[in-house]
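Accompanying notes for the structure given below.
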Amino acid sequence: MSQEYFSPKGKGIRRPNDNATPDADTHHEPNDADSDYYRPPRASTAPSYMTVGNGSSANAARLQAMLEQDSGYGGSIAGDDVNSSLFNPASSGWDNVIHEDRPMRGGHSNEADRSAQASAVHQLWYNQHRNTLGRAISTVVELLSDLQRFNETWPAHYPSVQRAALDSSSHPSSRPGFHQAYSTAGDLANGPQFNAAQPPLRRAMTSVEDAAAAAESSRAAETRTVAEPRLVSPQIAQEFSVLKLDLKLGSLHQTELVHSLEKSSVAALLDGKIQSSIRHLQALRERIEDTSSKVLVTGDLNAGKSTFCNALLRRKVLPEDQQPCTSIFCEVLDARENCGIEEVHAVHRDAIYNRHDEATYDVYPLKDLERIVIDNTVYMQCKVYVKDARSIDESLLNNGVVDIALIDAPGLNMDTTKTTAIFARQEEIDVVVFVVSAMNHFTQTGTEFIRAAAAEKAYLFVVVNHFDNIRDKDRCQKQILTQIRGLSPATYKEAGELVHFVSSSAIPVAPNPPGGPGGGGGSGSSSGGGFGDDPGDNDPKGKGKDKEMARDFSALEQSLRRFVLEKRARSKLAPAKTYLTNILNDVNVLATVNTEVAQAEYDRVNSELQALEPQLEAGKRARAEISEQVDRTIEDTCQEVYDYSRTTINSAINHAGDDNLGIEYPGLFSAFQYADDLKAAMLSHIAASVVHCEENARKKTVAGVESIKKLGIKHLGDEYQNLNFKSEVMFQGRKDALARQVDISTEFADFVDFSTLMQREEKAGMALTVAGVVGTTVISGYSQVNLAFRAAQILGSENLRKLIIPGVIAGAAALAFYVLSQIPHSLPARLSQKIATQLEAMDYVHQNSSRISGKVRKVLLIPANNLRVGLQKSVEQLGARRDETVKVRKESSDALRYFGNLVQRSAHQRQVVEGVDLDGHPPGMAGHPGY
Ligand SMILES: Nc1nc2c(ncn2[C@@H]2O[C@H](COP(=O)(O)OP(=O)(O)OP(=O)(O)O)[C@@H](O)[C@H]2O)c(=O)[nH]1
């Protein structure tokens, strides 16, 4: 039946087998002239470009040698150019010996040599790209490890973006990753392009991801319009592809969440992302180093995956059933990889398969595969080694170019664990063949899977199976292609080559191994038969249908071979390229943002430092000056207090005997009491002077404390810690201590103080003496004596001799009377003198003055020291701030240098990766079939 295929442009894509004649020249090329995939798949002619010949020319040998030399990493192809002379179109065949044991269609011919040469050139070209990407992976792993280390010391800022600003119209690319990768390519190499008016950067989240984050299509991401604050410039208002931070906490919007997180927490999350990205890159490296190609055949339950694989193998190797049956991954490999032995290696759960270590697997014959595959709980996967008897230009497994692993996966939706395993598995897969039943179309899980796979792989191979069951085939094609357009636009663009509508069960397959899958012969496959072999099928219309279906399947096979073998550069290397582009773009954005943040921080701390340095110097100067000033204040106050006290107390002592201090002389008989009273009065007079000095000292101290406080407030401001000073507490010691210390006994001599008497006499003068002679009532003792002498002169010596004794007695009596009468005058002076002498011996004046001034010093030192501590603290704080600022400046300067460098390196590396043209042709091969 001729099939009218749906065209994306609405006209209908004509399939390669659309014409009755399967001649390639008559095939219609759909809508994309520049697409390799729209080249006519010469279904009916031998795909000779795939044939590995055995040409024997010298050029072929040279190419072979180069190919072998160049097969590994760090190979001879350095730089990004393959010497064009290597691809001299004139070069002849390549003496390939890889599959000389395999049958070939067409025999040895020039055409075969040309194909061999083409294959060799293609291999060199492939190796060149592989090496470039391998080196890029190493470089990016290095960049990421550096970033991870740097992130520990300088937690990277995470930019937030305004997703709303991402208008889908401005994003012609369906994948943000790609869009990012290319849209700013020119700018990135020139470093960050921010303008001063931009708002300050804030760490934040770029995306909101749910459980199906990884599977979310870019289209959906673009159309989301969650309003987020605009935090960074529009230039970088884009999403990260790889380094997204997945935060799923409560109902908080992720942007709010990131804002509420500590910078270090965001850095820790980023660290985890970098770590997993490094792991993924390492897996990618392993994948591209792996010379084989892994083809994962997946799809919904019962879509016909196993039937499709069997059809490809033309052998009923895998069990088919109408009910779900494939419970583990079955990896079908060429038996040559197992020394040519056909068998099943059932790999133990949690074991890493090693063909050379039988401890990792159990061996079964092929016929046991069905038993292993259905309802299995012991094994996680099995390796099925089969011989493919088909020629190398027909066989997928035995293709003469690369080792292929065809992996039949359990159906999606079988159970969550298996579905998750399939999702995880696709990441390490080079080619995804998605089998969808034409009857059921894409299920929810299938849709999610395709989205996830499309995020990493540019193209998927879609097999729409069970097509024989569809009556309105056009409508079915239209619907399915429309769905594909939404899920993987790249695949849709090349639908002619990548989307096939077939009936796998219609493909004749070789007889089952005895007792093997379908051994009962009840499956839908036309096992063992060929088209039209069914003896009961005599209906020519039915035969025509079979042929048509066989043609369709054959076209699929050719496309798949092209996709897997010749385009494996794209299928195998594209994921690495895509991922590298995305991660480099993310790193570049992150580095650009952090360069800006580091620059802003550097500028800020630099100006802060410029203000701090003079502050610190002033603080240090003030500390020295104020300390000196305070010392001077204390010294001056103390000296002043000491001097005053000394003068005052001295004066009090010296003048203590000037009068009787209010103590009345009680008469001769109470003379001793008078002396004691007088003494006590004098001492308390002196003590009072000391108290007076203390009072003075208190006032001076208050003034001193006040002046220190003023200095503190002036220089420390609010930081000055004011102390509550209670002046009344000063000098609260015992006041009567002096009376007990001074012990002066009263002697008789104290009452007769001749010096006082003499002083008093001298003071009285001569007038008083004359007055005494003429008989004044006031008779001084001296005058009396004089009088006695004069009387003796008048009376003559005889008379005087008679009068002398009574006279002496009278004189003595008079003298005694005089002396006694002078006690009130002589005693205070005498006592005062004695007290002064004793106080002097005690060093009373100095001691009290020192005590008082010492107290003042002690009291003043408290606020003074407080002020000094405050000043010291202030200087220390400034110093610490300065040190911290210097540290931050150094860190931001390091960050600036590091991230600036990272911007350049990531941009350069991205250009290198983008330079890997996986869609292009090897030099000189543009005209070769298949390109
Ligand atoms: N009519 C028709 N039947 C098909 C086609 N492909 C497969 N079948 C039948 O569909 C049933 C399921 O096929 P399987 O190959 O076991 O499907 P599967 O996707 O491998 O199944 P699971 O691995 O269990 O998910 C079998 O009975 C097949 O014979 C087809 O193209 N047309």
Side-chain angles (χ1 to χ4, degrees), residues 73 129-149 151 156 158 175-178 180-181 206-207 209 211-218 221 239-247 267-290 292-294 296 352 407 420-432 448-460 570-591 902 905-906 909-910 912-914 916 918:
Y73 260 153
H129 287 332
R130 189 186 62 178
N131 290 350
T132 307
L133 290 174
R135 279 194 295 271
I137 287 178
S138 301
T139 309
V140 173
V141 166
E142 212 175 281
L143 287 184
L144 289 173
S145 303
D146 282 354
L147 178 59
Q148 212 175 8
R149 273 192 296 279
N151 189 40
Y158 205 77
R175 303 193 57 211
F178 279 116
Q180 291 162 16
T206 56
S207 63
E209 299 299 320
E216 181 183 45
S217 80
S218 38
E239 288 199 5
F240 282 101
S241 301
V242 179
L243 299 176
K244 284 176 183 171
L245 300 184
D246 303 325
L247 305 171
L269 286 170
L270 188 62
D271 181 76
K273 277 282 159 194
I274 293 172
Q275 190 56 44
S276 64
S277 180
I278 288 175
R279 274 200 301 274
H280 188 75
L281 282 167
Q282 284 161 345
L284 278 174
R285 180 160 49 197
E286 272 174 31
R287 194 162 127 193
I288 65 170
E289 276 174 355
D290 179 9
S292 66
S293 255
K294 287 193 170 76
L296 179 75
I352 295 172
I407 306 168
T420 311
I422 299 164
F423 268 82
R425 194 77 195 260
Q426 73 85 13
E427 287 193 3
E428 57 170 82
I429 287 300
D430 302 312
V431 177
V432 169
E448 282 170 8
F449 180 88
I450 290 179
R451 281 203 178 115
E456 203 199 45
K457 292 168 180 61
Y459 304 94
L460 303 172
R570 180 142 69 167
S571 63
K572 195 171 177 71
L573 302 183
K577 181 183 171 183
T578 305
Y579 191 84
L580 279 169
T581 309
N582 288 344
I583 184 74
L584 281 166
N585 187 64
D586 286 2
V587 168
N588 193 280
V589 170
L590 198 71
L902 189 59
R905 285 177 71 194
S906 52
Q909 199 52 236
R910 209 180 66 176
V912 170
V913 172
E914 284 171 3
V916 176
L918 299 178

Worksheet item: Does the side-chain contact (heavy atoms from CB on, under 4.5 Å) test come out yes or no for Val432 and Tyr459, once each step is laid out?
Response: CA-CA 8 Å; Val432 169; Tyr459 304 94; over 6 Å; no

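- Listed by chain and number, the residues in a side-chain hydrogen bond (donor to acceptor under 3.5 Å, both in side chains) with Gln275 are Gln148 (sequence neighbours excluded).
- Under the salt bridge (Lys or Arg N to Asp or Glu O under 4.0 Å) criterion, Glu286 pairs with no residue at all, not counting sequence neighbours.
- The side-chain heavy atoms of Leu270 and Leu590, taken from C-beta on, include a pair separated by under 4.5 Å.
- Asn585 and Arg910 share a donor-acceptor pair across their side chains, judged by distance under 3.5 Å alone.
- Counting only distance, with no hydrogens or angles, the side chain of Lys577 and the backbone of Leu133 share no donor-acceptor pair below 3.5 Å.
- Distance check: Leu580 CG to Ser906 OG gives 12.5 Å after rounding to the nearest 0.5 Å.
- Under the 4.5 Å side-chain criterion, counting only non-hydrogen atoms from C-beta, Leu284 is in contact with His280.
- Residues Tyr579 and Ile137 fail the side-chain proximity criterion, which asks for heavy atoms closer than 4.5 Å.
- Inter-residue side-chain proximity for Leu584 and Leu143 is flagged as met; some heavy-atom pair is nearer than 4.5 Å.
- At a threshold of 4.5 Å between non-hydrogen side-chain atoms, the residues Val587 and Leu144 count as touching.
- Once rounded to the nearest 0.5 Å, the distance linking CD1 of Ile274 with CZ of Arg279 reads 12.0 Å.
- Listed by chain and residue number, Val141, Arg149, Ile278 satisfy the side-chain contact (heavy atoms from CB on, under 4.5 Å) test with Ser145 (two or more places apart in sequence, or in another chain).
- A donor-acceptor pair shorter than 3.5 Å cannot be found between the side chains of Arg905 and Thr139.
- When atom types are taken as modelled, the side chain of Asn151 and the backbone of Ala156 share a donor-acceptor pair closer than 3.5 angstrom.
- The closest side-chain heavy-atom distance from Val431 to Lys294 is not below 4.5 Å.
- Using a 4.5 Å heavy-atom threshold, the side chains of Val913 and Val140 count as separate.
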